[in-house]
Amino acid sequence: MSKVKNTEIPKFKKVCEILARYNNDSSKLIPILQAVQDEYRYLPEEIMTFIATSVKIPPASVYGVATFYAHFSLEPKGKYIVKLCDGTACHVKNSIPILEAIRENLNLNEKTKTTPDMLFTVETVSCLGACGLAPVVVINDDVHGQMTPEKALALLEDIKRKESVQ
Amino acid sequence: MNNAERRIIICAGTGCVANGSLKVYEEFKRILGEKNIPVTLEFKKEEHNHDGIRISKSGCQGFCQMGPLVTIMPQEILYTKVKPEDVNEIIDTTIIGAGIVDRLLYVEPATKKHCTGPNDIPFYQRQSRTVLKECGFIDPESIDEYMSHGGYEQANRAFTKLSAKDICDEISFSGLRGRGGGGFPTGKKWELTRVQPGPKKYVICNGDEGDPGAFMDRSVMEGNPHSVIEGVIIACKAIGADQSYIYVRAEYPLAVQRMRKAVQDAYERGILGKGVFGTVNKIDCEVMEGAGAFVCGEETALIASITGKRGMPSPKPPFPAQKGLWDKPTVINNVETLATVPLIMKNGAAAFKKIGTEKSPGTKTFALTGHVSNTGLIEVPFGATLREVVHNIGGGVTDDKGNITPEGFKAVQIGGPSGGCLTKEHLDLSLDFDSLRSVGAMVGSGGLVVMNHQTCMVQIARFFMQFTQNESCGKCVLCREGTQQMLALLDDIIEGRATGETLKLLETLAWAVQKGSLCGLGKTAPNPILSTMKNFRAEYEAHVFQKRCPTRRCKALCLPVIDAAKCKGCTACVKQCPVGAITGERKMPHVIDASKCIKCGACIKVCKFNAIGI
Ligand SMILES: Cc1cc2nc3c(=O)[nH]c(=O)nc-3n(C[C@H](O)[C@H](O)[C@H](O)COP(=O)(O)O)c2cc1C
Ligand code: SF4
Ligand code: SF4
Ligand code: FES
Ligand code: FES
């Protein structure tokens, strides 16, 4: 496990605030982890240990919860999280070719989900509840419906262009 | 509400927002302002503004695919696929004038009829929207608006006039069955919890909705969140609980946000908190966001999740009614179930029983998706038929290009991963809890996926198996390992390695997983396989014995062969084949070398004489 560096102290300040908001209550572990993940975009290992000590449960329990739920990520995610829906509605409307096109474009696969420049993370989800618009791709919070591989690639290109300008 | 009030309602459900409805809303605001047309943006109950036009955002109206939707009230004109550029014309023609912008109306694909509003659109005409009635028409973020429609009157009555027993009796008498999948009688569940001893009890509203392809609970939470809270409050009174939780899945940020706002507003009005409706009672309500585990929809797993643990199911009994959250008696109900409660209280159990079938009273919302012309959120009385839903409300089956094909219907998958596949034979089956169960399907949470002829049923079974295999919590060996093995067997079928033995094994394993799993996830995991094996046996056999996928979806099984009698030796296929698998002399029948062929199908498409098939 990595040692806590001095430069990371501000990190802990945020966690302390979050823990205080939930009264260090172990039954609030899930909302605590959610708030922490909102802050850092993933759950850094040393922070999980810190939480475990603060709410007085074994680190293994925190780790157990963090790995059980799909929403939690133990690895940093890219700036743009591309979620491709592969729920039933999207699947029957050919969501897989879209996924393949996106992965190919970003040189990712089932195991490597994030691009080395930390710009994109690609994941699949089972139903975003916008099935009327199937197939659906969500990039961060923006829902894009009635997707095709071409339209999805155009979205990626837009982002890349915007990012290279900045 | 004053009928004369002019309103522009812009759908702000997830679907329409994705299609750009917020921009349309802004444009309305801007142009109405510019033209100095008085607009009432805030709803004020006491003030019926005569010439004021109110713009409001609504929740999902179910017709998402045609969004952004703009409804002009009171004429009830529905404009579809509205873009910001259209706004000026709508204002000039319909708001200032009294005309209709014809090109924005919905055109029925089959008849080419231009429909002016929900009243003449078959998609809406044939539904009975009761739970969904206000969704898409009231502003979900305004508690005043909910109250001006009689909202919270039933909760008030429950607290000030009725006893807990009265409420349980009324709900029992109505015959309401849980909409979360199992169809357990709600009144009975409440009564069981009510009679438990002890002062501390809980109500949990299950808004986890993890089923792929389902979004009805989302729509209710986004479109009419107060109706859910009112149901929760009535349930609290009915069982004697003072604390409630609304568990919403994390993938639904808008639903979380709207539920949170609604709860907060209800607190501010004294509808939640201490001294509800002027009584000595207290009701607390907390919205909790899930973290992405399908199995958490299961009651005992949901309880574990609320206490901050891994959402693993535990054996029943004890049932949550006896020993639930923090070991106290707990009622868990689905969102739609709870949203139905105030309606039953308002109209009476007798009126509720008149709708639907004898054993499944009331209406059910379904998420109608897949290969139909009108996908969306629908609500029909129990007892409606699939034919009605697919052909009349859904507007017919479409091919892969989206065109209506009269002969295209192949199957509908109903009830999500716990459900089953039905075929043409079942088109006239009554949609209700018992009849669906009798044919190996389930109402489930209400996913209804229509599939056309181009869909491979083995692949659909595999799709659901993959889902349950991913989502198994891993506690039971049969669920954890069995789903994995079933998936592998399906892969054998799809990739051409299967034998007759594979089919037998699949059936044995399916039976074992059903029997040996602890919770509903494992118990129902084999349903999609069993029902497709039963209803589409020939398709499985083609895969297994002839190594052929009738729909050409399974790439490994699509070895083309050239029919020598039809082949003219034109060499078109030779030129097309990327791997040089086709040989033959000009004007002589060609042949395909099976060992070289990569089954891309290019030769089939290019052959003018239909000489190549699989
Ligand atoms: C694996 C699994 C997932 C479930 N998911 C949900 C769900 O997302 N929403 C829901 O209301 N019920 C779900 N249920 C059913 C609930 O456990 C429970 O029966 C239901 O919420 C009870 O409410 P009702 O009586 O109002 O239907 C699920 C059950 C299982 C076994
Ligand atoms: S049946 Fe499956 S999901 Fe349910 S408890 Fe067992 S392993 Fe977990
Ligand atoms: S399917 Fe493709 S690879 Fe096989 S023979 Fe035809 S063109 Fe060649
Ligand atoms: S299946 Fe993709 S949004 Fe529901
Ligand atoms: S989101 Fe507008 S109709 Fe569904």
Side-chain angles (χ1 to χ4, degrees), chain A residues 22 25-35 37-38 43 51 55 57 60-73 83 85-96 123-147, chain B residues 13-15 17-19 60 62-65 67 209-215 217-219 249-253 255 288-294 296 305-312 326 367-371 375-377 400 413 416-417 447 449-452 455 460 463-464 467 470-471 473:
Chain A
Y22 291 102
D25 180 352
S26 65
S27 76
K28 295 286 181 237
L29 182 58
I30 293 170
I32 291 172
L33 293 178
Q34 271 158 343
Q37 180 158 298
D38 278 348
L43 297 174
I51 293 171
V55 302
I57 55 174
S61 305
V62 178
Y63 194 75
V65 167
T67 49
F68 184 80
Y69 294 96
H71 190 59
F72 296 127
S73 171
K83 288 189 205 155
C85 179
D86 194 29
T88 325
C90 292
H91 188 82
V92 299
K93 294 231 169 137
N94 295 325
S95 54
I96 293 299
E123 29 188 67
T124 55
V125 291
S126 42
C127 195
L128 295 154
C131 324
L133 303 178
V136 177
V137 171
V138 177
I139 302 184
N140 291 346
D141 286 330
D142 294 331
V143 183
H144 305 272
Q146 288 156 342
M147 274 288 123
Chain B
T14 305
V17 170
N19 275 331
C60 179
F63 211 24
C64 322
Q65 178 208 20
E209 197 163 64
D211 275 31
F215 56 104
D217 293 346
R218 164 178 209 153
S219 302
R249 76 190 288 233
E251 284 83 349
Y252 289 178
M288 180 174 163
E289 208 177 318
F294 170 65
C296 283
S305 182
I306 291 180
T307 63
K309 303 215 175 59
R310 298 179 127 208
M312 301 259 218
W326 313 115
L368 179 62
T369 59
H371 300 134
T375 58
L377 187 70
D400 277 2
Q413 210 286 343
V449 193
V450 180
M451 291 176 276
N452 65 19
T455 319
I460 291 299
F463 171 79
F464 283 108
F467 178 81
N470 283 346
E471 298 294 337
C473 82

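Below, chain A is the first sequence line, B the second, and so on; all start at residue 1.
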Completion exercise
So, the part of Ala250(B) with a heavy atom under 4.5 Å from chain A: the answer is side chain

Problem - Per-residue contact mode, Ser219(B) against chain A (heavy atom under 4.5 angstrom) - result: neither

Exercise for the section: Could you tell me which portion of Leu368(B) (side chain, backbone, both or neither) has an atom closer than 4.5 angstrom to a non-hydrogen atom of chain A? Expected result: neither

Handout entry: Atom pair OH (Tyr22(A)) and CD1 (Ile30(A)), whose distance is rounded to the nearest 0.5 Å
Key = 11.5 Å

Exercise for the section: Identify the two heavy atoms, one from Ala66(A) and one from Leu43(A), that lie closest to each other, and give their separation to 0.1 Å. Expected result: CB-CD1, 3.8 Å

Exercise for the section: Determine, for Tyr252(B) and Arg218(B), whether the Lys NZ or Arg CZ falls below 6.0 Å from the six-membered ring centre while staying within 45 degrees of the axis. Expected result: yes

Problem - chain A contact via Cys296(B) - side chain, backbone, both or neither, heavy atoms under 4.5 Å - result: side chain

Problem - Selection from Ser27(A), Ser26(A), Gly87(A) maximising heavy-atom pairs under 4.5 Å formed with chain B - result: Ser27(A)

Practice task
Considering only heavy atoms and a distance below 4.5 Å, find which of Cys131(A), Pro31(A), Ala130(A) pairs most often with chain B.
Solution key: Cys131(A)

Handout entry: Structural part of Gln37(A) lying under 4.5 Å from a heavy atom of chain B
Key = neither

Problem - Contact leader toward chain A among Pro253(B), Gly370(B), Gly13(B), where contacts are heavy-atom pairs under 4.5 Å - result: Gly370(B)

Handout entry: Interface residue of largest heavy-atom contact number with chain B, from Asp86(A), Thr67(A), Thr88(A), Val143(A), under 4.5 Å
Key = Thr88(A)

Handout entry: Any Thr369(B) side-chain heavy atom under 4.5 Å of Phe215(B) side chain
Key = yes

Practice task
Examine whether an atom of Asp211(B) lies under 4.5 Å from a heavy atom of chain A, and if so say whether it belongs to the side chain, the backbone or both; otherwise answer neither.
Solution key: backbone

Practice task
Please flag which part of Phe464(B) lies under 4.5 Å from any non-hydrogen atom of chain A: side chain, backbone, both or neither.
Solution key: side chain

Handout entry: Nearest non-hydrogen partners of Gly308(B) and Val65(A), listed with the distance
Key = O-CG2, 3.6 Å

Practice task
Give a yes or no on whether the backbone of Asn140(A) and the side-chain of Lys83(A) come within a donor-acceptor separation of less than 3.5 Å.
Solution key: no

Practice task
Report the C-alpha separation of His91(A) and Val449(B) in whole Å, then their side-chain angles, then the decisive distance to 0.1 Å, and conclude whether the side chain to side chain contact (heavy atoms under 4.5 Å, CB included) test is met.
Solution key: CA-CA 10 Å; His91(A) 188 82; Val449(B) 193; over 6 Å; no

Exercise for the section: Name the member of His371(B), Glu251(B), Met451(B) that forms the most heavy-atom pairs with chain A at distances under 4.5 Å. Expected result: His371(B)

Exercise for the section: For the pair Leu33(A) and Val62(A), evaluate side chain to side chain contact (heavy atoms under 4.5 Å, CB included) and give the outcome as yes or no after the intermediate values. Expected result: CA-CA 9 Å; Leu33(A) 293 178; Val62(A) 178; 4.1 Å; yes

